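Residue numbers start from 1 in every chain, and the chains themselves are labelled A, B, ... in the order their sequence lines are given, proteins ahead of strands. Being a predicted model, the structure only gives us computed values, none of them experimental.
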Number of protein chains: 2
Amino acid sequence: METHGLFHTIHQLSRLLTKLVNETLQPFGLYSAQWAVLFVLKTKGAMPQSALCEYLAVEAPPMTRTIQRLAKQGYIRQVPGEDKRIKVIHLTEKAREAYPEWEQAVLSMNDRLLERVPEEQRTLVQLALYDWLGKLKGDLHE
Amino acid sequence: METHGLFHTIHQLSRLLTKLVNETLQPFGLYSAQWAVLFVLKTKGAMPQSALCEYLAVEAPPMTRTIQRLAKQGYIRQVPGEDKRIKVIHLTEKAREAYPEWEQAVLSMNDRLLERVPEEQRTLVQLALYDWLGKLKGDLHE
DNA sequence: TCCAATTAGTTACTTAGGTAACTAATTGTA
DNA sequence: TACAATTAGTTACCTAAGTAACTAATTGGA
């Protein structure tokens with residue numbers, strides 16, 4: 001198991017986790033990319049679209065699409081900022097009402113996914129990956 | 001940094017790694033999904049398309065597409081098996097000739113990506129993730 | 001033996017992400 | 001101040017992976 005093994009494992013994990021979250025959210029008509037946005041808005045409050053991109057480390061075009069779908073579903077509002085280029089994204093009342101149910105489903109799924117990983121190991125892996133990601137992103141901008 | 005953090009980190013890593021490999025392979029007109037197939041064929045030898053799917057943990061339709069593109073580029077041949085449903089995928093001579101150059105580029109990129117991660121930590125994370133992935137896949141089939 | 005069930009692969013359509021090229025608004029500078 | 005450069009967001013088109021529904025070949029059971 002050399003470098004290929006690690007990369008392949010990460011890709012597989014990423015795909016599998018997305019798939020399981022999608023299954024969890026299916027009853028609510030949501031997909032993982034939409035959930036990520038809703039979660040950030042609920043946790044951090046309303047923010048410009050560009051801030052959502054930065055926070056989720058996603059380029060602008062996919063964010064535009066996700067935002068547009070959420071708007072169509074009535075879960076967010078796009079409020080023009082005083083800088084007229086900016087769209088500030090707000091959760092709607094409809095989203096705030098439904099949110100606890102979504103969150104409950106996702107959190108209990110997450111717990112189920114992680115219950116087989118010992119707490120200590122989990123933290124260790126998390127820190128190591130986070131650190132590695134940071135270094136990689138740092139390398140890119142130099 | 002709770003469960004969301006870990007999942008988000010894994011997704012970001014996966015996307016970033018794919019992106020960097022794609023950049024590495026761009027001069028050769030290859031993409032990461034194609035490289036994965038070429039690597040397996042070179043390492044394990046010719047095999048049916050279904051075996052490639054299983055090995056790379058990818059569903060049949062994306063594999064069909066990748067195979068078709070590789071065939072169009074002249075890097076693989078699809079040889080009908082004695083069971084006429086099966087297509088056995090072989091590397092062509094053209095692919096074998098170019099392979100060392102591809103491999104050199106990818107391996108040196110991989111080394112560069114991992115050079116900032118201490119050897120010991122790397123092994124530890126690799127084993128932990130591999131173990132976790134195995135448990136998750138096990139849970140699915142029960 | 002013959003027909004139902006399974007298997008290998010394909011086709012059509014979906015989510016999710018990326019880059020390049022664009023528009024409109026704003027900022028900075030000669 | 002006027003115009004160039006930058007920024008926010010969109011549009012068009014790309015890779016990559018997924019599901020559902022299909023065809024063709026093979027296997028197994030009544």
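- Applying the salt bridge (Lys or Arg N to Asp or Glu O under 4.0 Å) definition to pairs two or more places apart or across chains, those involving residues 120-129 of chain A are E119(A)-R122(A).
- In this structure, N22(A) places its CG atom 14 Å from C1' of dG17(C), rounding to the nearest Å.
- Near DNA chain D, defined here as any heavy-atom distance below 4.0 Å, the residues from residues 78-85 of chain B are E82(B), D83(B), K84(B), R85(B), listed numerically.
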Can you list, pair by pair, the side-chain donor-acceptor contacts under 3.5 Å of residues 77-87 of chain B, counting residues two or more places apart and other chains?
| from | atom 1 | to | atom 2 | distance (Å) |
| --- | --- | --- | --- | --- |
| D83(B) | OD1 | R85(B) | N | 3.0 |
| D83(B) | OD1 | R85(B) | NE | 3.2 |
| D83(B) | OD2 | R85(B) | NE | 3.4 |
| D83(B) | OD2 | R85(B) | NH2 | 2.8 |

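- Put simply, CG on L16(B) is 12 Å from C1' on dG18(C), counting in whole angstrom units.
- Through chains of ILVMFWY side-chain contacts below 4.5 Å, L124(B) is grouped with L124(A).
- Contacts between residues 42-56 of chain A and DNA chain D, defined by a heavy-atom separation under 4.0 Å, are made by Q49(A), S50(A).
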Residues 23-36 of chain B, side-chain donor-acceptor partners within the protein, below 3.5 Å, at least two apart:
| from | atom 1 | to | atom 2 | distance (Å) |
| --- | --- | --- | --- | --- |
| T24(B) | OG1 | L20(B) | O | 2.9 |
| S32(B) | OG | N22(B) | OD1 | 3.3 |

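- Of the residues in residues 58-69 of chain A, A60(A), P61(A), T64(A), R65(A), Q68(A) come within less than 4.0 Å of DNA chain D through at least one heavy atom, sorted by number.
- Of all nucleotides in DNA chain D having an atom under 4.0 Å from a heavy atom of chain B, the first and last in 5' to 3' order are dT15(D) to dT26(D).
- When the local axes at the two ends of the helix from dT1(C)-dA30(D) to dA30(C)-dT1(D) are compared, using 5 base pairs at each end, they differ in direction by 0° after rounding to 10°.
- The side chain to side chain donor-acceptor pair (under 3.5 Å) search around T64(B) returns Q49(B), not counting sequence neighbours.
- Looking at R15(B) and K19(B), their side chains never come closer than 4.5 Å, going by heavy atoms from C-beta outward.
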Report, one line per pair, each donor and acceptor closer than 3.5 Å where one atom sits in a side chain of residues 37-48 of chain A; sequence neighbours left out.
| from | atom 1 | to | atom 2 | distance (Å) |
| --- | --- | --- | --- | --- |
| T43(A) | OG1 | F39(A) | O | 2.7 |
| K44(A) | NZ | Y55(A) | OH | 3.1 |

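- Contacts between residues 25-39 of chain B and DNA chain D, defined by a heavy-atom separation under 4.0 Å, are made by Y31(B), S32(B), A33(B).
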